[in-house]
A.B. asks: 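Right, I'll just put the structure down here and ask away after.
Sequence lines set the chain letters: A, B, ... in the order given, protein chains first and strands last, and positions in each chain run from 1.
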Protein chains: 2
Amino acid sequence: MPIILKSMVTLSEENYLKAIYHLGKQGVNAVSTNAIAEKMDTKASSVTDMIKKLAEKNLVNYIKYQGVSLTKEGRLTAASVVRKHRLWEVFLVEKLQFSWDEVHEVAEQLEHIQSKKLVNELDTFLEYPTHDPHGDPIPDKDGNITKTDKIILSQLQVNQRCMCVGVNDSSADFLKYLDKHHIALGTQIQILSKEPFDESLTIKVDDVVINISKVVANNIYVKSQTL
Amino acid sequence: MPIILKSMVTLSEENYLKAIYHLGKQGVNAVSTNAIAEKMDTKASSVTDMIKKLAEKNLVNYIKYQGVSLTKEGRLTAASVVRKHRLWEVFLVEKLQFSWDEVHEVAEQLEHIQSKKLVNELDTFLEYPTHDPHGDPIPDKDGNITKTDKIILSQLQVNQRCMCVGVNDSSADFLKYLDKHHIALGTQIQILSKEPFDESLTIKVDDVVINISKVVANNIYVKSQTL
DNA sequence: AATTATTTTTAGCCTTATCTAAAAAAATAT
DNA sequence: ATATTTTTTTAGATAAGGCTAAAAATAATT
Ligand SMILES: [Mn+2]
Ligand SMILES: [Mn+2]
Ligand SMILES: [Mn+2]
Ligand SMILES: [Mn+2]
């Protein structure tokens with residue numbers, strides 16, 4: 001029989017908790033089996049199995065057929081994984097010359113390394129960053145995040161100015177698209193016009209005028225500048 | 001059916017290859033099942049099972065009842081794991097304020113992170129270290145190590161001077177013992193006398209005279225100074 | 001050479017994390 | 001209010017990696 005240390009959480013369990021954490025953020029507090037299965041690219045039956053294990057360990061609240069929500073302990077564990085993921089992403093970009101489209105896969109592995117000292121020292125080494133390379137907030141030791149008031153670019157009015165502060169889609173393809181058009185965190189953007197037909201936008205990025213589709217505009221977070 | 005990328009090696013397989021690599025270094029080329037089991041704190045039957053898998057993947061040469069040896073590919077894989085382990089140990093000590101007795105457990109986890117870019121950039125970031133915090137050599141990209149001519153402290157003659165360049169036992173207990181007596185890599189040591197009865201040594205460490213047992217002397221690697 | 005001891009392998013079982021297919025419950029549509 | 005569709009759960013299988021106990025092979029003694 002393997003020695004079980006104070007509520008050990010497996011790598012797989014951590015990934016489920018993280019998925020529930022992210023899905024739960026989007027408003028509702030009861031996350032469905034199917035939503036988890038889709039997010040994790042697995043089958044609903046596998047999700048049900050795992051949910052039972054997590055409920056047994058008091059990491060989620062679970063009532064059959066009614067979805068799950070994280071307990072306090074589950075939320076803290078998930079936040080810790082997210083914290084590690086984002087700190088490592090900062091490390092990779094700031095110290096190891098990774099670009100923002102290359103960090104995610106590696107961070108998916110690094111987020112499971114268990115060592116409190118490692119996380120704390122990494123945080124210190126990076127000088128306590130508050131956001132990762134995609135503009136996402138880094139939870140603190142207690143799992144708290146300071147949410148900033150960012151909005152989706154497509155919601156701005158014509159002529160408004162704003163600054164890019166994050167992305168909704170962190171896929172390499174989208175990030176490389178943004179690179180190509182010189183859009184990065186901190187980039188100034190002005191809405192020049194909106195096409196009524198397909199809701200595409202003409203925007204000015206650092207004095208260069210470009211056209212972006214509605215889909216693109218839906219995936220860029222900005223902070224509106226004072227008019 | 002999971003997609004198998006070009007000869008995927010699991011975490012467990014990596015650990016077995018590493019154990020065989022380390023056991024193989026000590027002279028003989030055929031490593032016994034029991035030796036692996038002991039080193040990995042597992043059972044001989046589990047070792048036999050795993051050896052079969054590794055042989056199937058052409059990572060080890062295996063003849064029933066006659067032990068195993070690494071193939072070229074197996075040795076390269078093992079060396080890559082050792083390279084990562086030692087590079088991470090350097091990182092933890094040099095950048096994250098870990099002491100040399102705290103790094104091993106974390107490096108055991110970090111050594112399995114898969115990303116060529118990560119290893120290469122880490123190597124660059126650390127300015128291409130050749131040895132880890134315990135004085136062990138770091139294999140290069142091709143798995144080659146430059147072996148230095150270090151000897152065991154207990155083999156020196158009375159009155160000889162030397163410099164500590166490594167340890168044979170990397171356990172936290174032993175490393176803390178060395179800390180307590182101010183012995184670190186680079187420390188100058190002179191043999192003052194050897195007790196015939198128990199082969200304990202009286203040595204001078206930076207002008208301080210101390211006594212160390214034969215066991216301790218057997219686990220300190222030194223480079224002899226010109227007489 | 002025969003016996004005993006040790007090492008290694010095999011056989012069978014267990015746990016974790018998956019899957020497919022079928023059953024049950026809940027949600028939606030008629 | 002029924003019937004149909006969708007979602008969720010259960011049942012049964014599988015693969016990886018581990019274990020114990022027994023069998024087989026090798027090594028060491030008498
Ligand atoms: Mn990420
Ligand atoms: Mn991110
Ligand atoms: Mn180590
Ligand atoms: Mn080391």
A.B. asks: Looking at Tyr16(B), I'd like to know whether one of its side-chain N or O atoms comes within less than 4.0 Å of OP1 or OP2 on dG18(D).
C.D. replies: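 It does, given that an N or O in the side chain of Tyr16(B) lies less than 4.0 Å from OP1 or OP2 of dG18(D).
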A.B. asks: What's the closest nucleotide to the Thr42(B) side chain, out of dT8(D), dT10(D), dC19(D)?
C.D. replies: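 The listed nucleotide nearest to Thr42(B)'s side chain is dC19(D).
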A.B. asks: Under a 4.0 Å N-O cut-off, is there an ion pair linking Lys84(A) with Glu111(A)?
C.D. replies: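 A salt bridge is absent here (no side-chain N lies under 4.0 Å from a carboxylate O).
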A.B. asks: Reading DNA chain C in the 5' to 3' direction, which nucleotide is the first one with an atom under 4.0 Å from a heavy atom of chain B, and which is the last?
C.D. replies: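 Nucleotide range with atoms under 4.0 Å of chain B: dT7(C) to dT10(C).
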A.B. asks: Touch check for Ser46(B), heavy atoms < 4.0 angstrom, all strands: base, sugar-phosphate only, or nothing?
C.D. replies: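 Counting heavy atoms under 4.0 Å across all strands, the contact made by Ser46(B) includes a base.
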A.B. asks: Would you kindly compare Leu11(A) and Lys64(A) by the position of their nearest DNA chain C nucleotide and give the one closer to the 5′ end?
C.D. replies: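 Final value for this comparison: Leu11(A).
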A.B. asks: Do other residues, nucleotides or ligands put more than 12 heavy atoms under 6.0 Å from the NZ atom of Lys141(B)?
C.D. replies: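 Open.
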A.B. asks: Above 12 or not: heavy atoms from other molecules or residues under 6.0 Å from NZ of Lys117(B)?
C.D. replies: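 Above 12, so yes.
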A.B. asks: Among dG18(D), dT10(D), dA16(D), which nucleotide sits nearest the side chain of Lys53(B)?
C.D. replies: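 Nearest nucleotide to the side chain: dA16(D).
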A.B. asks: Kindly say if Asn34(A) contacts the phosphate of dT6(D), meaning a side-chain N or O under 4.0 Å from OP1 or OP2.
C.D. replies: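 Answer no for this pair, as no side-chain N or O of Asn34(A) is under 4.0 Å from OP1 or OP2.
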A.B. asks: At how many degrees, to 10°, do the end axes of the helix from dA1(C)-dT30(D) to dT30(C)-dA1(D) meet when each uses five pairs?
C.D. replies: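 For the helix from dA1(C)-dT30(D) to dT30(C)-dA1(D), the axes at opposite ends meet at about 10°.
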A.B. asks: Charged N to carboxylate O under 4.0 angstrom, Arg83(B) versus Asp123(B)?
C.D. replies: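 A salt bridge links Arg83(B) with Asp123(B).
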A.B. asks: How would you label the contact of Thr48(B) with the nucleic acid (heavy atoms, under 4.0 Å): base, sugar-phosphate, or nothing?
C.D. replies: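 Base, at least one base atom sits under 4.0 Å.
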A.B. asks: Step by step, would you call Ser12(A) with Tyr16(A) a side chain to side chain donor-acceptor pair (under 3.5 Å)?
C.D. replies: CA-CA 6 Å; Ser12(A) 197; Tyr16(A) 275 92; 5.5 Å; no
A.B. asks: Could you go through His134(B) and His104(B), starting from their C-alpha distance and side-chain angles, then the distance that decides it, and tell me whether this counts as ring-ring contact (aromatic ring centres under 6.0 Å, His included)?
C.D. replies: CA-CA 10 Å; His134(B) 312 106; His104(B) 185 72; 7.3 Å; no
A.B. asks: If the threshold is 4.0 Å, N to carboxylate O, is there a salt bridge linking Lys18(A) and Glu108(A)?
C.D. replies: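 So Lys18(A) pairs with Glu108(A) through a salt bridge.
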A.B. asks: Would you kindly give the CE-to-C1' distance between Met8(B) and dA16(D), to the nearest whole Å?
C.D. replies: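 These atoms are roughly 13 Å apart.
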A.B. asks: Show your reasoning for whether side chain to side chain donor-acceptor pair (under 3.5 Å) applies to Ser154(B) and Asn218(B).
C.D. replies: CA-CA 6 Å; Ser154(B) 55; Asn218(B) 276 337; 2.6 Å; yes
A.B. asks: What is the distance, rounded to the nearest whole Å, between atom OH of Tyr65(B) and atom P of dA23(D)?
C.D. replies: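 Roughly 13 Å, once rounded to whole Å.
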A.B. asks: Check the distance between dT8(D)'s C1' and Lys52(A)'s NZ and give it to me in whole angstrom.
C.D. replies: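 For the pair Lys52(A) NZ and dT8(D) C1', the rounded distance is 10 Å.
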A.B. asks: Rounded to the nearest angstrom, tell me the gap between atom CD1 in Ile63(A) and atom P in dT7(D).
C.D. replies: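 Interatomic distance, CD1 of Ile63(A) to P of dT7(D): 20 Å.
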A.B. asks: Applying side chain to side chain donor-acceptor pair (under 3.5 Å) as the test, list every pair that has at least one member in residues 31-59 of chain B; sequence neighbours left out.
C.D. replies: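 Matches after skipping sequence neighbours: Glu13(B)-Lys57(B).
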A.B. asks: Heavy-atom nearest nucleotide on DNA chain C for Ala44(B) versus Lys43(A): which residue maps closer to 5'?
C.D. replies: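 Of the two residues, Ala44(B) wins.
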